[in-house]
Each structure stands twice: as C-alpha cells, then as structure tokens.
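Right, one structure below, let's go through it.
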2 protein chains.
Amino acid sequence: MSKCEQCIVRKFNSLKELTKDELIRITACKSSKNIKKGDVIFKEGDHLNGIFCIKDGVCKVSKMSDNGRNQIINLIQKGNILGERSLISDQTSNLTAIALSDMSVCFIPKEEIIRDLENNPNFTLDLLKTMANSLKNADNLVVGMAQKSVKQRLADTLLLLQKKFSTNSKGAINIQLSREDIANIIGTATESAIRLLSELKKKKIIGFVGKDITILDDKELEKIAQGF
Amino acid sequence: MSKCEQCIVRKFNSLKELTKDELIRITACKSSKNIKKGDVIFKEGDHLNGIFCIKDGVCKVSKMSDNGRNQIINLIQKGNILGERSLISDQTSNLTAIALSDMSVCFIPKEEIIRDLENNPNFTLDLLKTMANSLKNADNLVVGMAQKSVKQRLADTLLLLQKKFSTNSKGAINIQLSREDIANIIGTATESAIRLLSELKKKKIIGFVGKDITILDDKELEKIAQGF
DNA sequence: CGATTGCTTGACCCCCATCAATCCTCGTGG
DNA sequence: CCACGAGGATTGATGGGGGTCAAGCAATCG
C-alpha cells in the first residue's frame, strides 16, 4: 500500500497540514480504491464513514430535485477531497457522487479525521478556508442560476470548465461530459443545451467532435456570459 | 459597554466556544453599533476588518449579478454572525449586507478572531460545522434555483420564512419584506412575485395585508413547493 | 449485427420577463 | 390638517425563452 507521507496528491488539499506522524497513522488505516467510470461513490442518504482523497480521475457531485431532475453541483478532480462536508456536520450525505472517468482514490476513516480535526488546528483552519471558498463559489452559483439565462450559464460553464480542467494536446477541454451532464451542470433540459451548443458551433465560437469541446473564441464567449 | 461574557446572544453562534478569558479580551476591543433600517452594513468589494455579531434585528445578504439584478442569498437575524466568510478566506466581500430593520450589532476586529481561530480548536471546529451547514444550504439553494419553477420557489420561500422567523401574535410571518425583496429571494421579477402572491391569496392559501403575510394552508403550500 | 443508449433537430406552447398604466401608502412641507 | 409627491403595489398586455414531446440519426456494446 502506498504511503500518505510520500503522496504528492495531498499537497493540493488540507491534508498537507498534517504532521508526519499523523500521516503515518493515516497510511495504516486508509484503504485504496479503484473506481470505474459510471460507478456510484456514494449517494444521497448514505452515511459516510470517512472522506475520499482523489488520487486520479474525475467525478460529478449532484443532487436530485423534488421534480426528479438531476443537478450537478460540483466536479471533483485529482487532488481534491470528497465527502468532508457530511463528515464535519455528522449527517448523511445530501449529494450523490458518480465517477466520470476511472478513478483512483484513498478512503480515510472518519475517526482518524475527527481526531486530527480536534488536535491539529492548522488542519482544521485549512479545511475552514477551503470550505469558505466552496461557500463563496456556491453563493456565486446561486446568483448565476437565479439571474442568468441558459445561454449565459452555458457560456460561463464552458469557460469555467476550460479554466478548471485545461485543454488537451488538441486544444479540447480536458474532461469528458455527456450532453446530459452539461445540461445538468447549467440546469436545463438536455435538448436545450444541445441546441445552444450547436448554435455556438455554427457561429464558430466553439467546435466539438463527440465529447471533445474546443473553445475557439474566448472573447465572444465571455461577452455571451455577460449577456451580449 | 455591554460585556460579551454576559451576552446571551453569543450562545447561538460559534462564539459560545470561546473561553471566559477570550471573551473578556473581546469585550475590551469590540464596538457596538446601532444600524438603521435600510443602512448598508458592507457591500461587495469592501474589505472587512472583522465580523459582526447580531444582537438584534434582521439584514439581507445579497449579490449583484452581471445582468444588474439583485439576488438575496441569505437573511441574517439575531444570534447569527455576519462576515466570517470573507474574514476567513481573507478576501474582500463578494456580498452586500443591508439592514431590513433597525439593528443592534457588535463589531469584533479581525485580529482578535484570527487569534482565537489559531488558539482555540473548539471555536474553529464549531465555525467549521456552521460553515458546513451553510454550504449544505447553499447547495440545496442551487438545486432549487436551477430546477424549480418560480411558483415552487415562492412556496418554498414562504415556508422557509415561517420556519426561520416564526409568526407574530396575529399569525403573520415575523419579518418585513418588500415585494421586491421577496422577488429577489426567489430570483424573479417583482411583478411575477406579486402576481403569484395574489394568486395564492385568491386561493386562500395565504393571506396578506401590506407586508404582513400569513400562511393559511401549509399542506397546500407544501404541495405547490413539490410541484403540485 | 440487432439493440440499446446517446445525440440532434423540429414543432408546440406555457411560463415568465418586460413595458406600461394605475392605484395605494406614507412621509413631508405648507 | 391637508395637499402633494415619490416610491411601492397591482394589474394588463405582449413576446420570447426554454421545457416538453416526438421522431429520426449516430454510436456503442454485447
């Protein structure tokens, strides 16, 4: 089993604040998991007995609305931590996490994290900062959802995805999302998302082949995001 | 000046975790403020040099969208803390806070809070739990905004307001909101909110006189919130 | 090589944003 | 005490955005 104290991934999240001793203790009790594309990592109502540290891959975090439609709240990638919210507030998860690619993750049991939270102020404070940032993002998302048109939100989302996942060697945004996923991120019907994507392609603002999407005209996309 | 260690209000927020000594220190450096209805407490872009502990009154926390429209993100009342997010992530505020009633608040300087965050793990952990809860609420709000109709959101909001602010002696929801405020909470045009309120009144599901709104039929309102 | 799943486009129509006109309410000054 | 003005509340009319249903098309998989 790989050792946490030698793991590069932890440098990108709050686990970087743990001491060497704490990391050694966690190495002893963590478990590594390989998750296949499409697998459910946890779902709404599940009781999480720990957190996941993402070593590789991407997953979507979503929630079902009363209407029976799915809303993707967040995309989690390499270096991120997953499940800390439920753990901290000691509640069942109100979100569902599903792998968008094959993933490699470490599962750290709840008791270990709680112990570190109680004993290592640097760790807790870093987690607090991370969560404050998540909250800011969520607030901004609320405003966007409430006030922007679907077209604006699509533009926003494409720009954000490119920023977050960068581009591959061919210039395409480096994440594989179905049309339905895209629709569920911007909060609209799949057909609407498809229609708007086609429109953007026709205007040469983006290009796409299958799930590979390329932004051709950043400036124009930003204009659209701000409402022409 | 009133003393923090004798203040009842702090029992309702993370400040309850501070030790007696810490409270005495804060008493010495805090300042009390009386804020009038309509006053701006802070606005987007302001640098907050501390947090506010609400002793009495209510305020709205909102954000301007690119479209120039206002979205109310949260309502803060007696016992709550305001401004902790910006302080923790050490950024300018991306939200605006405006008093909805005359208010009485205490302002605690940033350095004092930071010191306590670094030295009192119970305080930090409690704040972390509070923020985890805020994040959960924000996530739910995102889903609601993205997936629910304006009518559903209005029903949701009315139920939530009653739950959060309770009712006065006449059975009306105990908060004074303009029609515009209500519209800005549910994320719609003022006229739309007014129209739907009228509709609900006609159906005897709610009643209102001026800004006093009374829920007459909880069950029916819940049905509407879930999409009939 | 069917068959299931995802993608795309068309048609329809309802919800809701917007503009406009009127009414109401309340604070202010004469 | 009343007149008056300003801002909020209400109702009507209108048009477009986007949700939904439906039907073809492409692609992926056993």
Side-chain angles (χ1 to χ4, degrees), chain A residues 36-38 60 65-72 98 100-101 143-157 176-203 206-213 224-225 227-228, chain B residues 36-38 60 65-72 98 100 102 143-157 176-203 206-213 224-225 227-228:
Chain A
K36 283 183 187 168
K37 178 177 175 174
K60 59 180 174 182
S65 77
D66 295 340
N67 303 14
R69 277 169 41 184
N70 225 3
Q71 178 65 37
I72 295 180
I98 296 177
L100 286 174
S101 67
V143 178
M145 287 297 177
Q147 304 282 9
K148 291 188 175 182
S149 69
V150 171
K151 190 185 287 192
Q152 284 179 288
R153 282 180 279 167
L154 175 60
D156 271 335
T157 300
Q176 297 284 310
L177 292 169
S178 69
R179 304 300 186 210
E180 191 180 2
D181 285 333
I182 294 176
N184 290 346
I185 292 172
I186 65 184
T188 189
T190 307
E191 300 95 317
S192 300
I194 289 176
R195 240 176 277 271
L196 292 172
L197 282 171
S198 301
E199 193 185 316
L200 290 175
K201 187 179 185 182
K202 201 167 289 177
K203 291 182 183 170
I206 66 168
F208 59 82
V209 182
K211 290 183 180 175
D212 286 329
I213 301 178
I224 292 174
F228 299 26
Chain B
K36 284 183 186 167
K37 178 176 176 174
K60 58 181 175 182
S65 77
D66 295 340
N67 303 14
R69 276 168 41 184
N70 225 6
Q71 178 65 36
I72 295 180
I98 297 177
L100 286 174
D102 289 348
V143 178
M145 287 298 177
Q147 304 281 10
K148 291 189 174 182
S149 70
V150 171
K151 190 185 289 192
Q152 284 179 287
R153 282 180 276 164
L154 175 60
D156 271 336
T157 300
Q176 298 284 311
L177 293 168
S178 69
R179 303 300 188 215
E180 192 181 1
D181 284 334
I182 294 176
N184 290 346
I185 292 173
I186 65 184
T188 189
T190 307
E191 300 95 319
S192 300
I194 289 176
R195 240 176 276 272
L196 292 172
L197 282 171
S198 301
E199 193 185 315
L200 290 175
K201 188 181 187 182
K202 201 167 288 176
K203 292 181 183 170
I206 66 169
F208 59 81
V209 182
K211 290 182 179 176
D212 285 329
I213 301 178
I224 293 174
F228 297 26

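Order of the sequence lines sets the chain letters (A, B, ...), proteins ahead of strands, with each chain counted from 1.
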Touch class at under 4.0 angstrom, heavy-atom based, for B:Thr190 against every strand present: nothing
Spacing of A:Lys211 atom NZ relative to D:dA27 atom P, expressed in whole Å: 13 Å
Candidate pair B:Asp66 and A:Lys148, rule side-chain contact (heavy atoms from CB on, under 4.5 Å), full reasoning: CA-CA 8 Å; B:Asp66 295 340; A:Lys148 291 188 175 182; 3.0 Å; yes
salt_bridge(A:Arg195, A:Glu191) N-O dist < 4.0 Å: no
side-chain N/O B:Ser198 vs D:dT10 OP1/OP2, d < 4.0 Å: no
Toward the 5' end of DNA chain D, by each residue's nearest nucleotide, A:Glu191 or A:Ser149: A:Ser149
Under 3.5 Å: donor-acceptor pair, side chain of B:Lys60, backbone of B:Asp181: no
side-chain contact (heavy atoms from CB on, under 4.5 Å) assessment of B:Asn184 paired with B:Gln71: CA-CA 5 Å; B:Asn184 290 346; B:Gln71 178 65 36; 5.7 Å; no
Nearest listed nucleotide, side chain of A:Ser178, among D:dA9, C:dC7, C:dT18: C:dC7
Nearest-angstrom distance from the residue atom CZ of A:Arg179 to C1' of D:dA27: 13 Å
D:dG18 OP1/OP2 closer than 4.0 Å to side-chain N/O of A:Thr188: no
Euclidean distance, atom CG of residue B:Leu196 to atom P of D:dG12 [Å, nearest integer]: 14 Å
Minimum-distance nucleotide (side-chain atoms of A:Val150 versus D:dG18, D:dT11, C:dT9): D:dG18
Nearest-angstrom distance from the residue atom CD of A:Glu180 to P of C:dG6: 7 Å
d(CZ, A:Phe208; C1', D:dA26) in whole Å: 13 Å
Distance, rounded to the nearest Å, where A:Arg195 contributes CZ and D:dG17 contributes C1': 11 Å
Separation of D:dG19 P from A:Gln71 CD (nearest whole Å): 11 Å
Protein-nucleotide distance (B:Leu197, atom CG; C:dC16, atom P), rounded to Å: 14 Å
B:Arg69 side-chain proximity, nearest of D:dA9, C:dA17, C:dC7: C:dA17
Minimum-distance nucleotide (side-chain atoms of B:Ile194 versus C:dC7, D:dT10, D:dA22): D:dT10
Side-chain touch B:Ile224/B:Leu200, heavy atoms, less than 4.5 angstrom: yes
